[in-house]
2 protein chains.
Amino acid sequence: MTEGPRPRPTLRDIATALGLSVNTVSRALGDKDSVSAATRAAVQAEAARIGYVPNTLARSLVLGSAMTLGLVITNPSNPFYAQLISSIELRVRAQGYSLLLLVTDESVENEQRATEALLRSAVDGAVVVPVQAEWDHWRRVRDSGIPLVFVNRDVPELGCDMVGVDYERGSYEATSHLIAGGARRLLLLEEDLPITTTADRITGFRRAMADAGLKVSDDQVQAVPTKRYDSLALPWQPEEAYRFAQTLLTDAHPDGHPDGFVTGNDYFALGLLRALAERDLAVPGDVAITGYGDHPYAAYLQTPLTTVRLPAAEVGTTAVDLLLQRLRAGTERPRKTLIRPELVIRASTGGPPALTNRQEQPSSTPG
Amino acid sequence: MTEGPRPRPTLRDIATALGLSVNTVSRALGDKDSVSAATRAAVQAEAARIGYVPNTLARSLVLGSAMTLGLVITNPSNPFYAQLISSIELRVRAQGYSLLLLVTDESVENEQRATEALLRSAVDGAVVVPVQAEWDHWRRVRDSGIPLVFVNRDVPELGCDMVGVDYERGSYEATSHLIAGGARRLLLLEEDLPITTTADRITGFRRAMADAGLKVSDDQVQAVPTKRYDSLALPWQPEEAYRFAQTLLTDAHPDGHPDGFVTGNDYFALGLLRALAERDLAVPGDVAITGYGDHPYAAYLQTPLTTVRLPAAEVGTTAVDLLLQRLRAGTERPRKTLIRPELVIRASTGGPPALTNRQEQPSSTPG
DNA sequence: GTGAAAGCGCTAACAG
DNA sequence: CTGTTAGCGCTTTCAC
């Protein structure tokens, strides 16, 4: 028969119950050695008996640290970010910190409010996937002594630590792979977000084309309109890429129809696949395509999708480690780390036609 | 030229700069009316000038509330939970609270540690997706006066508020739909987690079968082994269902091969689809199948998947609202809400064969 | 080894 | 209207 919400027990409750001073109780619980074994035992017993839990607020106030890190992220429904959240939370908790979560939905306004929240909450540091459109508010956070680690997208102006994915390389490899497979008239379908990840993928695409001696006209790089600011929307719907591709395939192509598509994420590939099927274009026979992200479904499509697997967990873990190092170390130069993604070759580019018996590894760094 | 981390400005800095008392400054900033307009203006100007940000820690300590809610969730990589996180964070922030995130990965141990963290952090309340295997630690949290709202899975023993999805109904409708389409030898592929959501879906399946006058033998309800405790794994890999289905389809079926599959999530359906394709079984010709969750890819499979769409955003929002109401109201009876999911009929059960021009709505309550 | 005193930054009482 | 006093729960001096 449980009682209603009793007032929470404090050090003083233990102290008075045992006829000790609050101070002694604090030290007994804090495992300092300036307490007799007997006292310590008594204190710990009483603490356990009344269910004492230290008040982090008070503790933080005097210690000047809340043992809390912030995580500012754009969209948890993006599988990459979902994994990032998991890996970051795990690491943060393992190091004895708490995690404050802020979601920005790609909105600068939300991000500005998020920085306010970080400042007020006096977090010890923050892992941030920046919206990138503006960053003055981040300067303010950094200047107030809260170390920042940017993840996935950088804000070089601030000279903070950064850990991301080598998107350019992933895109380069995907493109080169298509070219190696015989594709010549390639198209890149990209997100229309004004962020570096997209820009890097475009760069990779162009570089691969150039290295193969292929020209890239402007209409070979296409931005798919996305519902980026719809706060509860999924990262991207295949829908948008589907409609976009429908139009694209209908348009006149002076040099012949495209025979290869590089897409900026697996959802685009999904929509594209449908549009191609509707025009009776075979994949990979008529058109080869690559995705980006290796979402959990990619290997299980009817035409398994060649795609770029992102090391989400590694990125998250590295970010937390960088942050904690900086909390301890202080003023080193900012470190930037790009982790290399992995091209996973499947049937959509003529790879193994279906699942072989070799098990697809759903490794610790999937999606 | 930014300076290094200055000590953070406090009320006293403003007070001394203006020759006022700390108290007056506090009230001026707090919009109390017991301050002259002139003083308030001066204070606010100075606060803005030095970039004053109130210290939530100190504020919380005296006020007895940290204006923070906890969110304890099992697996952010499950698209349903990802959306839940988004919607909850949005609502929580809109109400002026912060959100502390704890991930349990379906582990009771993690959950117990999470409750410790909630107690220490003195959150005002928590939204919880419980692991359900044990719940004594939750009793402790509740007894210490922290209101809890269980989401998606209930712990009826504790008499807390709860908001979930009517999984039984979703499963009932999916099953009935298959039966209406002519399927008779149905199989249910379920998660092997010991949780009520799975149990509810099984109940719905059995009830639909019974209502149609069909018997259900034990081997018609199958649990797919999953990597549930793999901390960074995705919710479920299609892989497991694929292998499981391979075996299943190889086994002798005295009453003929199954002509319908109800699956507990869309990933299972994905694996199943491949296993069926390998045996040249046509969907929906030979076998009709349904998924559960309406993940973003479901509508875009080569055979678009009939599935049960879950109202994730609505669940999340409702949960936060219930929690905040209870924070204000105090002792009402616990309220339990089940939100109804929606069966989305597609080609895998003989629905519209492909995307029609009627736009698939990626509504605010998808996946 | 233990206690008394002071203070983290803020807000709530009460005076004036 | 404003200042003084007190205290949130805890930890860190510094005496004893």
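All values derive from a computational prediction rather than experimental measurement. Chain naming here is simple, since letters A, B, ... match the order of the sequence lines and numbering starts at 1 in each.
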J.: Under 3.5 Å, which protein N or O atoms sit close to an N or O of nucleotides 13-16 of chain D? Give each pair with its distance.
T.:
from	atom 1	to	atom 2	distance (Å)
D:dT13	O4	A:Asn23	ND2	3.4

J.: Tell me the closest heavy-atom pair linking A:Met162 and A:Asn152, and the distance in Å.
T.: CE-C, 3.9 Å

J.: Distance between the P atoms of C:dC10 and D:dC1, in whole angstroms?
T.: 24 Å

J.: Using the P atom on both, measure C:dG9 against D:dT2 and round to a whole Å.
T.: 24 Å

J.: Once you round to the nearest 0.5 Å, how far does OH of B:Tyr81 lie from CG of B:Asn75?
T.: 8.5 Å

J.: Whole angstrom is fine here: how far is it from CZ in A:Arg59 over to P in C:dG9?
T.: 17 Å

J.: Mind checking if A:Ser34 touches a base, just sugar-phosphate, or nothing, with heavy atoms under 4.0 Å?
T.: base

J.: Could I get a table of every N or O pair under 3.5 Å where one atom is in the protein and the other is in nucleotides 6-8 of chain D?
T.:
from	atom 1	to	atom 2	distance (Å)
D:dC8	O2	B:Val62	N	3.4

J.: Working to the nearest 0.5 angstrom, can you tell me the gap between B:Arg91 CZ and B:Leu324 CG?
T.: 8.5 Å

J.: Between atom CG of A:Leu69 and atom CG of A:Leu327, what is the distance when rounded to the nearest 0.5 Å?
T.: 6.5 Å

J.: Tell me whether the OP1 or OP2 atom of C:dC10 has a side-chain N or O from B:Ser26 closer than 4.0 Å.
T.: no

J.: Will you find, in the side chains of B:Trp135 and B:Glu111, an N or O donor that is under 3.5 Å from an N or O acceptor?
T.: no

J.: Would you indicate what B:Ser60 reaches in the nucleic acid, counting non-hydrogen atoms under 4.0 angstrom: base, sugar-phosphate, or nothing?
T.: nothing

J.: Between B:Tyr52 and C:dC10, is there a side-chain N or O to OP1/OP2 distance below 4.0 Å?
T.: yes

J.: Taking both distances under 3.5 Å as the test for a Watson-Crick or G-U pair, what stems of at least three pairs does DNA chain C have?
T.: C:1-11 with D:6-16, C:13-16 with D:1-4

J.: Would you say B:Arg27 and B:Asn23 are linked by a side-chain donor-acceptor pair, where the criterion is simply a distance under 3.5 Å?
T.: yes

J.: Can you find a side chain N or O atom of B:Ser36 that sits less than 4.0 Å from OP1 or OP2 on D:dT2?
T.: yes

J.: Using a 4.5 Å cut-off on heavy atoms from C-beta on, say whether the side chain of A:Ile50 contacts that of A:Asp13.
T.: yes

J.: Nearest whole Å is fine: how far is C:dT2 C1' from A:Arg40 CZ?
T.: 13 Å

J.: Got a salt bridge between B:Lys336 and B:Asp161, using NZ or NE/NH1/NH2 to carboxylate O under 4.0 Å?
T.: no

J.: Decide, yes or no, whether a salt bridge links B:Arg140 with B:Glu116 under the criterion of side-chain N to carboxylate O below 4.0 Å.
T.: yes

J.: Could you work out, with side chain to side chain donor-acceptor pair (under 3.5 Å) as the rule, every residue matching B:Thr16, not counting sequence neighbours?
T.: none

J.: Is the number of heavy atoms from other residues, nucleotides or ligands under 6.0 Å of B:Arg153 CZ greater than 12?
T.: yes

J.: Between D:dT12 atom P and A:Leu29 atom CG, what is the distance in whole Å?
T.: 13 Å

J.: To the nearest 0.5 Å, what is the distance between OG1 (B:Thr318) and CD (B:Gln325)?
T.: 10.0 Å

J.: Regarding A:Thr104 and A:Ser107, do their side chains bring together a donor and an acceptor under 3.5 Å, going by distance alone?
T.: no

J.: Rounded to whole Å, how long is the line connecting atom CZ of B:Arg8 with atom P of C:dG9?
T.: 9 Å

J.: Establish, with yes or no, whether the OP1 or OP2 oxygen of C:dG1 is under 4.0 angstrom from a side-chain nitrogen or oxygen of A:Thr24.
T.: no

J.: Kindly write out the residues that satisfy side chain to side chain donor-acceptor pair (under 3.5 Å) with A:Arg8, not counting sequence neighbours, or none if the list is empty.
T.: none

J.: What residues in residues 13-22 of chain A put a non-hydrogen atom under 4.0 Å from any atom of DNA chain C?
T.: A:Gly19, A:Leu20, A:Ser21

J.: Expressed as a whole number of angstroms, how long is the span from B:Met67:CE to C:dT11:P?
T.: 13 Å

